[in-house]
Amino acid sequence: MTTLSRQSEIETGARRPLIITRIVACVMSFMLLGIVVRVGYLQTQPAPQVEPLLGTQRARVFMKGRRGNILDRRGRILGTTGLAYLLYADPKRIEDPVTFPEYIGFTLNYDPAEIQKRLYKLRNKRYVVLDQKLSEERLSRLYALREQRQMKGLHTDLWLERKYPLGSVAGQVIGFVGREGHGFEGAERMYDRMMTGAPGKLGYIVDAAGRPLGITPEGFEPPKDGQSIRLSIDVAIQMAAELELARACEEFGAESGEMVIMDPHTGEILAMANYPPFDPNEYRTTDPEHRRNRCVTDPFEPGSTFKSFIWAAAIEGGYVTPDTMINTSESVGRPLRDTHSHGTISWSKVLIKSSNKGMAVVGKKMGNTKLYNAVRAFGFGGLSNSGIPGESKGLVNPLRSWSKVYSPTSVPMGQEIGATPIQLCRAFCVFANGGFMVNPTIRARDPQNPDDPRNTAIVERVISHRTASITRDVLRRVVTEGTGRKANSKLYELFGKTGTAQVARTDGRGYEPGAYTSVFLAG
């Protein structure tokens, strides 16, 4: 009996620690459950004194939204955003700094000396970029190194890269995007705010050491992509314009060239070409001079092409009719010459033959004030309202600066005036659309939304429909029997005006010897 009692006491003593352990475990489980419930309650219904502290327990990771695409008028992609990899090193994690540059250099085809130099210069940093954009070949080699576990201290990072699938096509019109994601030049700058995506956020709770504990559902906002922009440019027309412009510039040895093709009724720019071309994909290595859209930035003396505007203004003002006879031998107070002696010819022939003397005779008859008003009415001396970055107003001197002797004879033949290609194109559209001035645009107008202010193309009437029609008919004769015969087409009834002007010196004193600007306007 005594033996059984002792055995029972021994068994009870052996179970006692197990029972205590179970009781402690249950108590702790209930306590942890209470803490979890309390944390959840504080998250959903925090006390007033706790609520201000919640923000200090959250961190946010921002995710960039993709930049909107740039499309041509038919939806073809001119600019888009894709993923790219950069290569960087963490000097603190490199096990052997001596052999690392040589190994990485020869394995991934880099210059070991350049890698060593960069790592030494930034040895106290944890993020040293070795290659801004990894090629497909180097990325494949890098994956092989990763499988072999031979890339300690070497890492890749994803970033959003702006890409231009058509290369240099419309390069100056499109512009480019810098490393920080901001647009420079052209449409990229013009519509930067609209195309820039909104960043998203991911909120999570951290402990006192800043380590993430959990994600808060209400703290997640997905990134929003930027708006895509449809330009008025037609890629097919743009490519043809660039091809012909390059051919002409190379044939005649021109340093640069510009071409603008514009719908005279809507103001939509269908093509805007510059030579030399510019590839936005290579903006880092391109001469900044080639990035400039000279169609809007560079004014020049338009020469004889300007005669068409003064010719029409003289008709509109009632100073002459197309059949009015002009004595080109009449003195205008200064020596002028034509390529050929014309004698007495009609006002129509003055334009067809591009007579400087004939334009000067009528210019003096109109006077400086009427000439100045005509020049401004055709949009010269002011912005074309295209909104394209860097646009120049051109050059029209204030009326008070006009000479009584030289200005009324110089302006009618395109001197003392500075105009950009887009200004000339816009003004020439007046003859094609029946006398109206329109606002040029590189963004496609929306015919389905007539209330859109962008669709308001017409600014004002410059000349009557009758004057526009008369001028157009005479300009047609310029192409068929005048100075523009080489531009005559068997497919289209073109009307146009040629012009050759001397290049003004940069110091404003006369003209550069042997330097000329050739211009042709047509509709």
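These numbers come from the heavy atoms of this one structure, side chains and all, not from hydrogens, waters or symmetry mates. Sequential numbering from 1 along the given sequence is applied to the chain's residues.
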Requested in this report: Evaluate side chain to side chain contact (heavy atoms under 4.5 Å, CB included) for Asp298 paired with Arg292, printing each intermediate quantity in order.
Outcome: CA-CA 9 Å; Asp298 291 18; Arg292 191 173 70 251; 3.0 Å; yes
Requested in this report: Tell me, please, whether Phe300 has Arg294 positioned over its six-membered ring: NZ or CZ under 6.0 Å from the ring centre and within 45 degrees of its axis?
Outcome: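 Judged by the rule, Arg294 and Phe300 form no cation-pi pair.
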Query raised in the report: Within 45° of the six-membered ring axis of Phe184 and under 6.0 Å from that ring's centre, is NZ or CZ of Arg189 located there?
Result: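 No.
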We want to know whether [X] and [Y] form a side-chain donor-acceptor pair, criterion being a heavy-atom distance below 3.5 angstrom.
X	Y	value
Thr409	Arg334	yes
Ser407	Glu416	yes
Thr483	Thr498	yes
Asp323	Ser346	no
Asp157	Tyr88	no

Requested in this report: Look at the side chain of Asp192 and the backbone N and O of Gly183, then say whether any donor-acceptor pair between them is shorter than 3.5 Å.
Outcome: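 Looks like yes, one N/O pair under 3.5 Å.
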**Report entry** Step-by-step ring pair (Phe, Tyr, Trp, His ring centres under 6.0 Å) determination, Phe380 to Tyr372
**Finding:** CA-CA 10 Å; Phe380 298 103; Tyr372 177 83; over 10 Å; no
So do [Y] and [X] actually touch side chain to side chain, heavy atoms under 4.5 Å?
X	Y	answer
Ser464	Glu316	yes
Ile463	Phe378	yes
Ile422	Met272	yes
Thr297	Thr420	no
Phe309	Thr471	no

Query raised in the report: In a check of side chain to side chain contact (heavy atoms under 4.5 Å, CB included) between Trp347 and each of Val361, Ile315, Thr321, which one passes?
Result: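 Exactly one option meets the side chain to side chain contact (heavy atoms under 4.5 Å, CB included) with Trp347, and it is Ile315.
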Query raised in the report: Only one of Lys357, Lys307, Glu301 forms a side chain to side chain contact (heavy atoms under 4.5 Å, CB included) with Met413, so which one is it?
Result: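 Exactly one candidate clears the test, Lys307.
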Requested in this report: Test ring pair (Phe, Tyr, Trp, His ring centres under 6.0 Å) on Phe520 and Phe428 and set out the steps.
Outcome: CA-CA 11 Å; Phe520 182 63; Phe428 207 73; 8.3 Å; no
Query raised in the report: Which class fits the ring pair Tyr283 and Phe176: parallel under 30°, tilted 30 to 60°, perpendicular over 60°?
Result: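 If you compare the ring of Tyr283 with that of Phe176, the planes turn out parallel.
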Report task. Kindly indicate, with the supporting measurements, whether the criterion salt bridge (Lys or Arg N to Asp or Glu O under 4.0 Å) is fulfilled by Glu481 and Lys349. Result -> CA-CA 10 Å; Glu481 58 184 273; Lys349 283 288 186 179; 3.3 Å; yes
